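What follows is a short report on a single structure.
Nothing here was measured: the structure is a model prediction, and the numbers come from that model. Just so you know, ligand 1 is whichever comes first in the structure, and atom 1 is the first atom listed for that ligand.
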Amino acid sequence: MLDTLIWKDATEAQRRRALARPVETGTADAAAREIVDAVRARGDEAVRAYAARLDGHAPDDFRVLAEALREARKGMDPADIEAVKAAADAVRRFHVRQGYSGYSVETWPGVMASRRATPVDVAALYVPAGSAPLVSTLIMLAVPAQLAGVPRIVVVAPPAGEGGVNPALLATAEILGIDEVYAIGGAQAIAALATGAAGLPRADKIFGPGNAYVAAAKSYVAGLPGGPAIDLPAGPSEVMVIADDRADAELVASDLLSQAEHDPSAQVVLVCFDSATRDRVIAATEAQLAQLPRAEIARAALASSCTVICDTLEEAAEVANVYAPEHLILQADAAERLVGLVRHAGSIFVGAFTPEAAGDYAAGPNHTLPTSGAARAYGGVTVEAFQKTTTILRATAEGAAAMAPAVERLAALEGLEAHATAMRLRRERAGAQPGVAAAGGPRAGTKRRKTAETDVTVTVNLDRDGPSRIATGVGYFDHMLEQVARHGGIALDVAVEGDLHIDAHHTIEDVCLTFGEALREALRDKRGLARFGFELPMDETRAAVWIDLSGRPFAKFEGEIPGETVGEFPVEMTAHAFRSIAESLGAAIHVKVEGENAHHMVEACFKAFGRALRKAVRVEGDALPSTKGMLA
Ligand SMILES: NC(=O)c1ccc[n+]([C@@H]2O[C@H](COP(=O)([O-])OP(=O)(O)OC[C@H]3O[C@@H](n4cnc5c(N)ncnc54)[C@H](O)[C@@H]3O)[C@@H](O)[C@H]2O)c1
Ligand SMILES: N[C@H](CO)Cc1c[nH]c[nH+]1
Ligand SMILES: [Zn+2]
């Protein structure tokens with residue numbers, strides 16, 4: 001187990017051989033190509049033939065029924081549901097800061113160059129489940145896809161059980177609000193998604209890790225003319241652990257085994273500074289293997305793994321940079337120095353209390369990471385991976401005149417006369433107007449508030465005009481929040497489990513408090529923001545809302561709304577809602593409403609609030625909107 005290489009004494013060829021990934025990827029490449037080519041030639045029939053042969057499951061329709069998703073969630077242990085939610089929440093908190101934002105720059109006087117980000121239309125998420133149903137991978141892929149605003153998210157996973165997918169995966173999909181799941185895996189799933197065969201949609205981009213067959217199929221379809229894009233090369237798991245002589249051998253062994261147990265093709269590499277450390281780790285690994293249910297898989301992985309012994313930290317960092325591991329664990333006193341020396345690794349885990357297993361499940365960063373040395377050029381899955389950008393140019397007559405000398409001369413240098421003419425003609429005529437800038441990434445925030453009464457998660461993105469997904473369980477309140485999102489020009493995601501069997505009070509209050517907190521996070525330092533109000537008539541009703549993002553909570557509500565409820569929404573909660581938002585956002589919110597019809601009056605308040613918010617959160621310049629020089 002763990003053949004040893006002394007780094008300083010080894011030749012280039014010996015180093016390359018020791019750090020080579022397991023070789024059977026060549027076989028997997030050939031098998032994946034055969035499957036993809038068959039599907040390209042024969043379509044549905046080939047998908048079914050391979051699905052039957054490799055996984056024994058080839059129904060007329062691979063799609064999992066909505067009922068099966070709901071049943072799976074109902075059957076899931078509440079403690080498991082909580083674990084899924086807690087992990088998703090941490091992943092959301094890490095990823096919400098990602099995402100391309102739009103911006104505009106005046107590149108010449110009168111020439112406004114803008115960038116706009118839009119999500120892909122159809123994102124397919126491959127969730128591995130051949131030997132273990134990777135619930136965590138579904139979380140890692142679905143959360144960034146949702147934050148990017150992908151309109152159609154499709155999940156594929158190898159079949160399990162009675163014609164469906166593993167119930168824990170289905171329950172997780174249901175919890176995350178994903179309803180399109182297909183029970184198909186392997187290269188045949190990738191081929192079906194690439195071509196739109198066997199009832200699966202053609203995906204614009206395919207995401208997710210998998211075994212060597214899945215990884216090979218993804219790379220192959222991405223290289224085909226008109227093929228889908230893919231996220232990154234993410235094949236069998238690998239980990240490198242750099243351990244010094246004070247490292248706890250039992251912890252090091254547990255980290256090596258946690259990746260070795262994934263797949264016989266997984267690879268683990270131990271880097272240490274003396275043979276005594278290696279021997280301690282090997283002994284601890286053997287002891288833990290004796291208790292491991294997946295010992296056979298882990299042993300196979302260990303057979304193609306090695307130990308490298310280095311003299312210095314610099315040498316150890318060089319080994320990591322040459323190998324470019326998917327995961328790098330640092331269990332050494334000088335761990336922080338190593339962080340600075342390592343340039344190529346998918347994810348780095350620093351210190352004895354940071355196991356890779358935490359990152360696999362619930363620490364926050366994405367666990368879908370580059371393997372086979374791809375970390376030299378790739379990082380893990382991000383929100384940006386689900387988006388693409390479009391640039392937009394707007395030039396005025398002044399702008400055309402400013403650019404013309406350079407453009408016309410360069411066109412002449414290239415001998416492209418039609419280009420020169422197109423510019424010259426503009427120089428002789430007229431043109432358009434500029435847009436708005438948002439710097440430093442999207443202004444987004446996500447908050448979860450969990451009490452004995454409710455469990456609320458709210459995500460807002462102030463720089464994206466929808467889409468919104470709102471499900472509070474109180475129909476009219478959903479409608480109100482949709483008004484706020486639409487009129488506010490923001491993307492709003494609200495998921496709630498509330499004690500609605502009692503009444504709507506806690507749900508409405510806690511959603512508003514969480515909404516305010518998420519808004520507050522999204523607003524960052526409030527530079528460039530304005531204070532605003534908006535007045536809105538609606539038939540016989542008139543509502544006005546004024547917002548000051550001052551940092552100081554204050555709420556005032558003037559108006560008498562007749563009756564008790566609108567739908568299941570108690571009208572007295574209108575004032576309460578704005579008070580809750582003002583409190584957690586740290587804003588002064590004044591609402592004034594007059595009218596006769598309760599439905600109109602409540603709706604007008606929320607609409608006017610959305611409109612006032614839209615104006616208040618718009619970035620105009622970079623000054624703080626306060627003579628105090630701060631908004632606290
Ligand atoms: N890099 C990452 O970010 C990352 C993250 C999670 C998991 N992983 C890796 O994902 C992999 C999951 O592998 P898995 O096998 O459990 O599930 P999987 O879903 O990736 O693959 C299972 C499918 O492989 C196909 N297959 C199996 N044998 C085949 C053969 N001989 N020929 C053609 N196709 C065949 C089957 O159709 C089956 O449905 C592991 O290697 C794990 O280490 C990597
Ligand atoms: N270690 C895997 C990435 O290589 C991710 C994972 C999921 N579940 C357990 N581990
Ligand atoms: Zn793992």
Classify the side-chain pair [X]/[Y] by whether it contains a donor and acceptor separated by less than 3.5 Å.
{"X": "Glu34", "Y": "Tyr50", "answer": "yes"}
{"X": "Asp274", "Y": "Thr277", "answer": "yes"}
{"X": "Thr382", "Y": "His95", "answer": "no"}

Looking at [atom], what's its closest protein heavy atom, distance included?
{"atom": "atom 17 (O) of ligand 1", "value": "Gly130 N, 2.9 Å"}
{"atom": "atom 16 (O) of ligand 1", "value": "Ser131 N, 2.8 Å"}
{"atom": "atom 37 (O) of ligand 1", "value": "Asp55 OD2, 2.9 Å"}
{"atom": "atom 25 (C) of ligand 1", "value": "Gly186 CA, 4.0 Å"}
{"atom": "atom 4 (C) of ligand 1", "value": "Pro209 CB, 3.2 Å"}
{"atom": "atom 12 (C) of ligand 1", "value": "Pro128 CB, 3.6 Å"}

Worksheet item: Take atom CD in Glu318; do more than 12 heavy atoms of anything else shown fall under 6.0 Å from it?
Response: yes
Practice prompt. Run the contact test for Gln188 against ligand 1 with a 4.0 Å cut-off on heavy atoms, strictly below, and give the result.
Written response: yes
Discussion item. If we only consider heavy atoms of Tyr50, is any one of them less than 4.0 Å away from an atom in ligand 1?
Written reply: no
Mark up the atoms of ligand 2 that fall under 4.0 Å of a heavy atom belonging to [X], in ascending order.
{"X": "Glu356", "result": "1 (N)"}
{"X": "Glu326", "result": "3 (C), 4 (O)"}
{"X": "Ser136", "result": "7 (C), 8 (N)"}
{"X": "Tyr361", "result": "8 (N), 9 (C)"}
{"X": "Leu134", "result": "8 (N)"}
{"X": "Gln259", "result": "1 (N), 2 (C), 4 (O)"}
{"X": "His367", "result": "3 (C), 5 (C), 6 (C), 7 (C)"}

Worksheet item: Hey, is the main chain of Tyr100 close enough, under 3.5 Å, to the side chain of Gln387 for a donor-acceptor pair?
Response: yes
Worksheet item: Taking Asn321 for the side chain and Arg343 for the main chain, is one N or O donor matched with an acceptor at less than 3.5 Å?
Response: yes
Discussion item. Would you say that Ile175 contacts Lys85 through its side chain, given a criterion of any heavy-atom pair below 4.5 Å between the two side chains?
Written reply: yes
Discussion item. Is the shortest side-chain heavy-atom distance between Leu134 and Asp360 below 4.5 Å?
Written reply: no
Worksheet item: Can we say Arg48 and Glu45 salt-bridge, meaning some charged N sits less than 4.0 Å from an Asp/Glu carboxylate O?
Response: no
Practice prompt. Run the salt-bridge test on Glu71 and Lys74 with the 4.0 Å N-O cut-off and return the result as yes or no.
Written response: yes
Worksheet item: Any idea which N/O/S atom from Asp360 gets closest to the Zn ion (ligand 3)?
Response: OD2
Is there at least one pair of N or O atoms, one from [X] and one from ligand 1, spaced under 3.5 Å apart?
{"X": "Asp263", "result": "yes"}
{"X": "Tyr213", "result": "yes"}
{"X": "Leu369", "result": "yes"}
{"X": "Val214", "result": "no"}

Worksheet item: Do you know which two heavy atoms are closest between Gly99 and Val383, and how far apart they sit?
Response: CA-CG1, 3.8 Å
From the candidates [options], the one that places a heavy atom nearest [atom]:
{"atom": "atom 44 (C) of ligand 1", "options": "Gly235, Ala31, Ala129, Ala215", "value": "Gly235"}
{"atom": "atom 8 (N) of ligand 1", "options": "Ala212, Ser237, Gly56", "value": "Ser237"}
{"atom": "atom 1 (N) of ligand 1", "options": "Gln267, Gln259, Glu261, Glu326", "value": "Glu326"}
{"atom": "atom 5 (C) of ligand 2", "options": "Val127, Val135, Asp360", "value": "Asp360"}

For ligand 1, which atoms sit closer than 4.0 Å to a heavy atom of [X]?
{"X": "Thr368", "answer": "3 (O)"}
{"X": "Ala234", "answer": "1 (N)"}
{"X": "Thr371", "answer": "1 (N)"}
{"X": "Gly210", "answer": "9 (C), 10 (O), 11 (C), 20 (O)"}
{"X": "Tyr126", "answer": "18 (P), 19 (O), 20 (O), 21 (O)"}
{"X": "Leu134", "answer": "6 (C), 7 (C)"}

Worksheet entry | Under-4.0 Å heavy-atom contact with ligand 1, by part of Asn211 that carries it | both
Worksheet item: Is there an N/O/S atom in His262 that lies less than 2.8 Å from the Zn ion (ligand 3)?
Response: yes
Item to complete: Quick one: look at Glu238 and ligand 2, take heavy-atom pairs under 4.0 Å, and tell me if it's side chain, backbone, both or neither.
Response: neither
Discussion item. Looking at ligand 2, is there an atom of it that comes within less than 4.0 Å of some heavy atom belonging to Met140?
Written reply: no
Worksheet item: What is the ring orientation for Phe207 with Phe386, classed by angle as parallel under 30°, tilted 30 to 60°, or perpendicular over 60°?
Response: parallel
Discussion item. Taking side-chain contact (heavy atoms from CB on, under 4.5 Å) as the criterion, tell me which of Asp29, Ile190, Asp37 meets it with Tyr220.
Written reply: Asp37
Discussion item. Is the positively charged end of Arg21 above the ring of Tyr323, judged by distance under 6.0 angstrom from the centroid and angle within 45° of the axis?
Written reply: yes
